[in-house]
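Structure below; questions to follow.
Note that this is a predicted model, so its numbers are computed, not measured. All ligand and atom numbering here is 1-based and tracks the order in the structure.
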Amino acid sequence: MWLFGPISALFVALVGVLAIVTTSDPHKKIVTYPSHVEIKPSSYIVEFEDHLPTTHADNFHTMPGVNVHHQYEHVFNGISVKTQNEIDATHLASVDGVKRVWPVRYYKLQKTNSSSASSFPFVHQPTGVNQAIKRLGMTGKGVKVGIVDTGVDYSHPELGNCWKTPGCPWQYGEDFIGDSYNPKDPDTAIKPNPTPMDCDGHGTHVSGIIAGQGPTVYGVAPGVTLGMYRVFSCPAADGSTHTSEDIIIKALESAVKDNHDIINMSLGGGGWPFEPISIACTNAVKRGITVVAAIGNDSVGGLHSASAPAVAEGVISVGSVSNWNDTGAMATVTTAQSSKSVFISMPVIPGKAFVFDSATPLAAPLDLAGSSLGCSNITDDLSGKIAVLMRGTCLIETKGKMAQNAGAIGVVLVNNVPGIVYPAIEHPFDIPMVVVPTADGQFMMEGISHGATTIVAHKYNTSTIPIESGGQVSTFSSIGPDPLLNISPHILAPGGNIYSTFPLKKEGYAILSGTSMAAPYVVGAVALLKEARPELSVSELDMLLSTTAKPALLAINESIAHPYAGGSGLLNVYNAIKARAKISPPRLSINSTTWGPISGLVGTQYIEPVRWTARIITIENTDKAKSVHVSSNNNAADSLSMFFPNGSIAYKPRVWSSNGDNDTEPMVYAPEMPESIAAGATEQFTVFIIAPKGLKESDKWYFGGYINFKLQWENEASAVDYNIPYAGFNGDFAQLNPINLPDTGLPVIVDMNDDPVENVYELAISRKAPAKFRLSIAVPSQLATIKLVDANDNVVGYLPNGYHPFVPHTCPVCQSASFLPYAINGIAYTDKNSRNAVMAPTGTYHIHVSVLRPFGDINNASHYQIWDSPEFRIE
Ligand SMILES: *[C@@H]1O[C@H](CO)[C@@H](O)[C@H](O)[C@H]1NC(C)=O
Ligand SMILES: *[C@@H]1O[C@H](CO)[C@@H](O)[C@H](O)[C@H]1NC(C)=O
Ligand SMILES: *[C@@H]1O[C@H](CO)[C@@H](O)[C@H](O)[C@H]1NC(C)=O
Ligand SMILES: *[C@@H]1O[C@H](CO)[C@@H](O)[C@H](O)[C@H]1NC(C)=O
Ligand SMILES: *[C@@H]1O[C@H](CO)[C@@H](O)[C@H](O)[C@H]1NC(C)=O
Ligand SMILES: *[C@@H]1O[C@H](CO)[C@@H](O)[C@H](O)[C@H]1NC(C)=O
Ligand SMILES: *[C@@H]1O[C@H](CO)[C@@H](O)[C@H](O)[C@H]1NC(C)=O
Ligand SMILES: *[C@@H]1O[C@H](CO)[C@@H](O)[C@H](O)[C@H]1NC(C)=O
Ligand SMILES: *[C@@H]1O[C@H](CO)[C@@H](O)[C@H](O)[C@H]1NC(C)=O
Ligand SMILES: CC(=O)N[C@H]1CO[C@H](CO)[C@@H](O)[C@@H]1O
């Protein structure tokens with residue numbers, strides 16, 4: 001049964017949302033996370049009320065059973081503590097002046113799809129970096145960049161081969177964690193090394209993108225001064241690399257203290273702007289530091305998959321585009337008939353170079369299933385040979401293992417789609433592997449079937465092949481908006497198949513993909529822009545980079561990317577430096593609309609009611625000598641929906657193709673826009689944005705597009721494009737129900753085998769025979785509660801983890817998984833932290849779910865979506 005709250009007043013909520021933290025009940029100040037979130041034992045981040053001085057921490061230094069670990073003062077008003085004995089979050093929350101108590105979460109560095117390489121990056125042309133460096137002489141000189149990451153192999157010749165010596169690019173930074181920290185080990189300890197040497201590779205790769213010195217890796221801003229703040233341990237036995245929130249905030253503090261102009265962060269949290277890391281980033285921005293963060297690699301989660309701290313206020317959120325060229329090597333294949341030069345990828349496993357200086361035989365073995373896939377045992381003896389296998393059907397690592405078991409000394413994997421892929425390898429095998437394009441693989445197979453066939457592959461014999469989707473939004477790049485309907489990402493940079501530096505112990509070079517590679521590109525671009533125009537403020541840097549970017553296409557069907565996927569588009573730092581106009585705001589996040597006839601828009605057909613909003617645009621002609629002619633145009637993008645017509649979540653967004661039909665596209669009018677702006681003058685005018693009136697609101701479309709301004713100072717041919725993305729929800733977002741409909745299968749009660757239970761009442765639930773309850777949340781919610789209620793409508797308590805603030809959008813398939821099963825086993829908790837357990841007596845019960853709607857006020861019952869399960873018995 002569904003219970004809908006009464007129609008609530010529009011958008012009163014944001015103030016209320018922030019007000020939740022000032023309540024005096026200590027329990028209300030404690031944040032809890034569901035059980036799948038890894039928490040550091042007995043460790044908390046304690047946030048103080050904003051007005052309190054940092055000396056407030058003194059109250060905790062003297063508190064028995066509390067060890068203050070970190071005392072923050074620059075980016076976060078609070079401390080991190082470790083507690084002993086009976087001291088818990090409730091004790092901490094009861095201290096005067098405490099705003100909120102957070103358990104400390106562990107963070108994992110996400111797996112990279114990698115491959116070692118040696119070549120030249122070809123990405124600096126379309127991004128304007130080549131022109132900024134070569135024509136304008138910019139290098140980022142005098143700009144300080146702090147990087148929070150896995151450390152750096154500063155001994156790399158292309159990264160300076162120095163540490164804090166005079167003239168060295170590395171002048172700042174330290175290790176905050178050490179090599180062996182592992183949250184799974186109870187005796188784990190933080191043992192920082194004297195320098196932040198990288199044993200993972202991620203931070204070294206990022207450093208090369210920002211500031212590689214050449215001759216093979218040319219960073220975006222090779223002249224910057226750098227600091228490395230290492231917050232990740234070395235990869236553990238299972239390959240995972242760890243850190244925790246308190247350490248990251250400490251590193252961020254240190255970077256802020258060192259007075260960097262730009263800080264680089266990307267960690268992928270829950271996606272709320274109110275989380276500790278987000279708060280710390282926003283505070284750094286307020287101190288005049290540009291903070292750049294990757295939006296995440298979770299496009300598989302669909303809309304609302306943007307992560308924190310990219311969603312933090314003031315932080316530049318970065319998405320990724322595909323590279324234009326793939327770097328690999330040429331190898332020579334000789335068959336009985338002929339010889340051919342073939343393109344091979346970089347080694348799939350970094351450190352396992354595919355080098356065969358003399359002719360080495362190729363074999364095309366069959367597996368037990370009689371196929372060339374290598375998915376089952378290979379009985380041929382492959383000793384001294386390289387196995388040629390087809391991609392597909394089973395994991396790449398299975399193929400590698402099968403070839404290795406048969407004695408092969410290498411594997412050539414023949415791609416089954418155009419181009420090259422860099423497959424993710426979870427469990428590396430011992431022999432080198434490369435990927436080849438389909439045609440080159442077929443040439444090998446064909447040769448082998450006619451006689452002896454060999455390959456010669458030298459080290460560092462590099463080459464490139466074009467990537468079809470070059471410059472288009474990477475298929476992995478997460479999709480916004482943030483939970484408050486702000487456009488995220490802000491901007492795109494190359495992040496797919498990026499060649500950069502890697503630790504010398506791991507071959508020295510690698511190709512990695514991810515928004516983590518795009519974010520440092522933007523860091524470098526901001527450094528160039530700041531060097532060229534030092535007077536710009538943090539928000540002006542963002543504004544100029546964004547308004548001069550070029551809207552990107554989607555790889556899938558080459559339609560213009562919705563701003564939630566592509567932000568302002570691909571950056572062009574040369575255009576940003578040369579910009580002669582400031583257009584603000586740089587993006588129009590339409591978080592509220594009006595339903596009715598349009599007031600103020602005279603002489604149009606909009607006397608019928610529509611969903612619309614009006615915004616003010618300001619254009620400053622910064623050219624002090626010339627006036628500028630202005631014209632504008634609306635480029636509508638396809639509308640997206642995260643729901644199928646039956647109410648299920650569409651993780652691959654449903655698309656309404658924009659086809660030039662004014663009825664189903666968003667419309668933009670700017671009736672007051674001036675035709676020209678005098679030299680040095682500023683003009684303001686209203687734009688009216690109208691949601692697609694022909695699309696049904698019940699389909700919950702997110703519309704968007706770009707307002708394109710053509711600014712012409714000289715002749716028509718030299719007109720310059722500036723773009724402002726706009727996007728919003730075709731309906732009343734505050735009325736959107738976060739949980740989807742029960743008749744689509746969720747929320748649902750499932751048995752221990754995860755099978756949905758048909759007749760729940762027949763299910764005898766007990767401690768021994770528990771059931772589970774699943775819920776999926778389409779839009780992030782500030783608070784979800786799941787309570788056990790008896791037949792008389794008395795609340796027994798919360799299900800375990802049934803009090804859940806800051807719930808991210810549910811994504812069963814994301815890197816940061818957030819699918820929530822709640823155990824039904826008769827136990828309920830009367831408090832929010834699952835401490836005071838009660839056992840429900842035998843009887844009839846149901847589950848009562850409340851989920852706060854977008855923009856909702858946590859204290860207003862009518863702002864929650866309510867759902868009650870069918871009744872079941874507990875025995
Ligand atoms: C919409 O965004 C503006 C600007 O960020 C903000 O001031 C306002 O509070 C937001 N409104 C709602 C309903 O969230
Ligand atoms: C994105 O993926 C890349 C490569 O897989 C990884 O290095 C990076 O940490 C990821 N970043 C986020 C924010 O998920
Ligand atoms: C890709 O490689 C080709 C050939 O090496 C080169 O001409 C082209 O400029 C590269 N593309 C980009 C975008 O740099
Ligand atoms: C690279 O490989 C190609 C094809 O095998 C060969 O023609 C060329 O001479 C090699 N170059 C170097 C520098 O080894
Ligand atoms: C495959 O090979 C492994 C060892 O190499 C062996 O243990 C296994 O029994 C084989 N499987 C089959 C189906 O032959
Ligand atoms: C990594 O590779 C897998 C397939 O092997 C692909 O699905 C995924 O999108 C890749 N991730 C990135 C960040 O390139
Ligand atoms: C691509 O365009 C087609 C129609 O032109 C549309 O049906 C499809 O949904 C679009 N897909 C995406 C993801 O844009
Ligand atoms: C759509 O609107 C534009 C701008 O108002 C107008 O020029 C065009 O004729 C309209 N097209 C249709 C199909 O109504
Ligand atoms: C809802 O529709 C989608 C798309 O047609 C389908 O994949 C999904 O299975 C449907 N869900 C249910 C519960 O019927
Ligand atoms: C700007 C940026 O995100 N570059 C690196 C900065 O730090 C994060 C932290 O892990 C890296 O993931 C980024 O690649």
Give the atoms of ligand 9, by number and element, whose distance to some non-hydrogen atom of Asn646 is under 4.0 Å.
-> 1 (C), 2 (O), 3 (C), 8 (C), 10 (C), 11 (N), 12 (C), 14 (O)
Verify atom 11 (N) of ligand 5: protein non-hydrogen atom under 4.0 angstrom away = yes
Between the side chains of Thr593 and Arg611, does any donor sit under 3.5 Å from an acceptor?
-> yes
Does Leu395 reach the side chain of Lys399, with side-chain heavy atoms less than 4.5 Å apart?
-> no
Basic-acidic side-chain contact under 4.0 Å: Glu507, Lys352 = no
Quick one: which ligand 5 atoms are inside 4.0 Å of a heavy atom on Asn377?
-> 1 (C), 2 (O), 3 (C), 8 (C), 10 (C), 11 (N), 12 (C), 14 (O)
Any protein heavy atom nearer than 4.0 Å to atom 2 (O) of ligand 5 | yes
Shortest protein contact, atom 13 (C) of ligand 5 (heavy atom only) | Leu368 CD1, 3.6 Å
Between Arg654 and Asp699, is there a salt bridge with N-O shorter than 4.0 Å?
-> yes
Note the single closest protein heavy atom to atom 5 (O) of ligand 5, along with its residue, its atom name and the distance in Å.
-> Asn405 ND2, 4.2 Å
Just checking, Lys700 and Phe643: is the charged tip under 6.0 Å from the six-membered ring centre and within 45° of the axis?
-> yes
